2 protein chains.
Amino acid sequence: MRFWMLNNMREKIQYEVILTSKGLSKTKFRIDLLRLFCNSKKSLLVDDIIVFFGNMINKVTVYRALEDFENKGLIHKVPDKKNRKRFSLCDFDECSQNSHIHNHSHFICDICNTTFCIDDIIPPTISNIKGYHIKQSSLILEGYCEECNSTN
Amino acid sequence: MRFWMLNNMREKIQYEVILTSKGLSKTKFRIDLLRLFCNSKKSLLVDDIIVFFGNMINKVTVYRALEDFENKGLIHKVPDKKNRKRFSLCDFDECSQNSHIHNHSHFICDICNTTFCIDDIIPPTISNIKGYHIKQSSLILEGYCEECNSTN
DNA sequence: TCCAAAAACGCAACTAATTTGCGTTTTAAT
DNA sequence: ATTAAAACGCAAATTAGTTGCGTTTTTGGA
Ligand SMILES: [Mn+2]
Ligand SMILES: [Mn+2]
Ligand SMILES: [Zn+2]
Ligand SMILES: [Zn+2]
């Protein structure tokens, strides 16, 4: 279950509680950043965040917050066509300080490059081959997103 | 002429034929680069190539060769943990000037970051969802490669 | 073989993305 | 209130990739 679903279910979720439970300080920016992720279906580029907060926040602070959020299991990297850093919220139950488990797929739009998690398509489990040890499989779907599909 | 020279020459001609058939000029560097890809099971970073050729070649030339090779359907981008450009040979029959078709998976080692194509694991075909149009699916496997698995 | 056009190349400068160092401010815990 | 840890801002550095342009090599035809 993702944070935004939790947020939907209980009327008011304290972002502060989540930050605290992950061992992160409750600064104004980090609370707002967590809220931004919770309210965004799409994954976020560093630049999306910088644009959102305007000149209120330094880019270095953004990079460091993302790094901390990722380390604490709050967000995870999402594949990006142009090799830039891009993140989405983790599943509340699945990820923590030292274990990220992502059992869902990612969609990338060929046209607008929008990316988001698709929770209900589970990547196939691949059994180990030869001498390898496969720990995780992930599935990337590419094509036209809803918006681009309807206008092309 | 010794056999091994004949052999070398035939091998070289083979690469030249491929370059010509793709509409690429047969320069010493591009022949050697194609050979490097053909002899490498692992996918190659720009930096792997620059290290291999040492100061014999300019990095701009490497970037442009990779771009041309990709456009002509000779190589394809491979996902990289650190978001760098990384390539592997395409299947000669499948890819060409304006169509890349990659019906295989990619393995990424969690420890050494080595990446390579796994031809015999075919990504599942995902039917379209909702308003989306899914054109392609790709599967990424992560874990320990043969080498890292045996020493950890 | 000779020639012109196209492709490839090298160099320098440039842009974009991300990281590091360090001193200051804010937050957390007592 | 005190103090340590975490977060922050600014400047500078680093890394990765790109662009412009003049020169060289390759190609394909005369
Ligand atoms: Mn995801
Ligand atoms: Mn591949
Ligand atoms: Zn789109
Ligand atoms: Zn490995």
Side-chain angles (χ1 to χ4, degrees), chain A residues 14-36 43-72 74-75 77-87 97 113 115, chain B residues 12-13 15-36 43-75 77-87 97 113 115:
Chain A
Q14 305 286 315
Y15 298 109
E16 291 90 342
V17 170
I18 294 172
L19 289 171
T20 300
S21 77
K22 297 290 183 176
L24 295 162
S25 290
K26 303 169 292 186
T27 64
K28 179 168 188 333
F29 168 62
R30 290 187 174 206
I31 294 165
D32 290 344
L33 180 62
L34 179 55
R35 177 184 303 114
L36 180 62
S43 67
L44 300 175
L45 289 166
V46 172
D47 209 55
D48 295 333
I49 296 167
I50 287 171
V51 165
F52 181 85
F53 287 99
N55 58 1
M56 299 305 296
I57 205 73
N58 189 283
K59 63 173 178 170
V60 177
T61 303
V62 173
Y63 279 107
R64 293 205 260 235
L66 291 172
E67 188 186 1
D68 290 347
F69 277 23
E70 187 186 20
N71 287 339
K72 301 300 173 133
L74 222 45
I75 60 175
K77 283 207 190 73
V78 169
D80 177 77
K81 273 256 199 61
K82 294 178 183 166
N83 288 357
R84 293 159 306 182
K85 291 204 167 182
R86 193 186 271 275
F87 294 89
Q97 169 88 254
N113 289 343
T115 307
Chain B
K12 184 185 167 201
I13 287 172
Y15 298 121
E16 292 183 354
V17 168
I18 292 170
L19 288 171
T20 300
S21 77
K22 297 288 184 177
L24 296 162
S25 290
K26 302 169 292 186
T27 64
K28 178 169 189 332
F29 168 61
R30 290 187 175 207
I31 294 166
D32 290 344
L33 181 61
L34 179 55
R35 185 194 346 261
L36 181 61
S43 67
L44 299 176
L45 289 166
V46 172
D47 210 55
D48 294 332
I49 296 167
I50 287 172
V51 165
F52 181 84
F53 286 99
N55 57 1
M56 300 305 297
I57 206 73
N58 188 283
K59 66 169 178 170
V60 178
T61 303
V62 174
Y63 279 108
R64 293 205 260 236
L66 292 172
E67 188 185 1
D68 290 347
F69 278 23
E70 187 185 20
N71 287 339
K72 303 298 174 140
L74 222 45
I75 59 175
K77 284 207 188 73
V78 169
D80 177 75
K81 271 256 199 61
K82 293 179 182 165
N83 291 353
R84 293 158 306 181
K85 292 202 168 183
R86 193 186 270 276
F87 295 88
Q97 170 88 254
N113 289 343
T115 308

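Worth saying up front: this structure is predicted, and the values here are computed from it rather than measured. Proteins come first, then strands; the chains are lettered A, B, ... in the order of their sequence lines, and each starts at number 1.
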Quick one: is D:dG9 close enough that its OP1 or OP2 comes under 4.0 Å of any side-chain N or O from A:Thr61? yes
Atom CZ of B:Arg30 and atom P of D:dT24: how far apart are they, to the nearest Å? 19 Å
Taking N or O atoms only and anything under 3.5 Å, show me the protein contacts with nucleotides 17-21 of chain D, one pair per line.
| from | atom 1 | to | atom 2 | distance (Å) |
| --- | --- | --- | --- | --- |
| D:dG17 | OP1 | B:Lys85 | N | 2.8 |
| D:dG17 | OP2 | B:Tyr63 | OH | 2.8 |
| D:dG17 | O5' | B:Tyr63 | OH | 3.4 |
| D:dG17 | O6 | B:Lys59 | NZ | 2.7 |
| D:dT18 | OP2 | B:Lys85 | NZ | 3.4 |
| D:dG20 | O6 | B:Arg64 | NH2 | 3.1 |

Testing the basics here: between B:Ser43 and B:Asp48, what is the closest heavy-atom pair and its distance to 0.1 Å? O-OD2, 4.0 Å
Per the under-4.0 Å heavy-atom filter, residues of residues 19-28 of chain B near DNA chain C come out as B:Leu24, B:Ser25, B:Thr27
Here the distance between atom C1' of C:dC9 and atom CZ of B:Phe69, to the nearest Å, is 14 Å
Considering non-hydrogen atoms only, spot the tightest contact between B:Lys26 and B:Thr20 and give its length. CD-OG1, 3.3 Å
Between A:Lys85 and B:Asn83, which heavy-atom pair has the shortest distance, and what is it? N-ND2, 4.0 Å
Rounded to whole angstroms, how far apart are CD1 on B:Ile49 and P on C:dC9? 13 Å
In whole Å, what is the span from the CZ atom of A:Phe29 to the C1' atom of D:dC8? 10 Å
Is the ring centre of B:Phe29 less than 6.0 Å from the ring centre of B:Phe53? yes
B:Leu34 CG to C:dA8 C1': how many Å, rounded? 16 Å
Kindly compute the distance separating OG1 (B:Thr115) from NZ (B:Lys81), expressed to the nearest 0.5 Å. 8.0 Å
How long is the gap from CD1 on B:Ile50 to CG on B:Leu45, to the nearest 0.5 Å? 10.0 Å
Roughly how many Å is it from CD1 in B:Ile31 to C1' in C:dA7, rounded to a whole number? 14 Å
Separation of D:dT25 C1' from B:Met56 CE (nearest whole Å): 15 Å
What nucleic acid atoms does B:Asp47 come within less than 4.0 Å of, heavy atoms only: base, sugar-phosphate, or nothing? nothing
If you round to the nearest 0.5 Å, how far is CG of B:Asp32 from CD1 of B:Ile49? 12.0 Å
What are the two closest non-hydrogen atoms of B:Lys22 and B:Gly73, and how far apart are they? NZ-O, 3.9 Å
Side-chain ion pair, A:Arg30 and A:Asp68, N-O less than 4.0 Å: yes
Rounding to an integer number of Å, can you tell me how far B:Glu67 CD sits from C:dC9 C1'? 14 Å
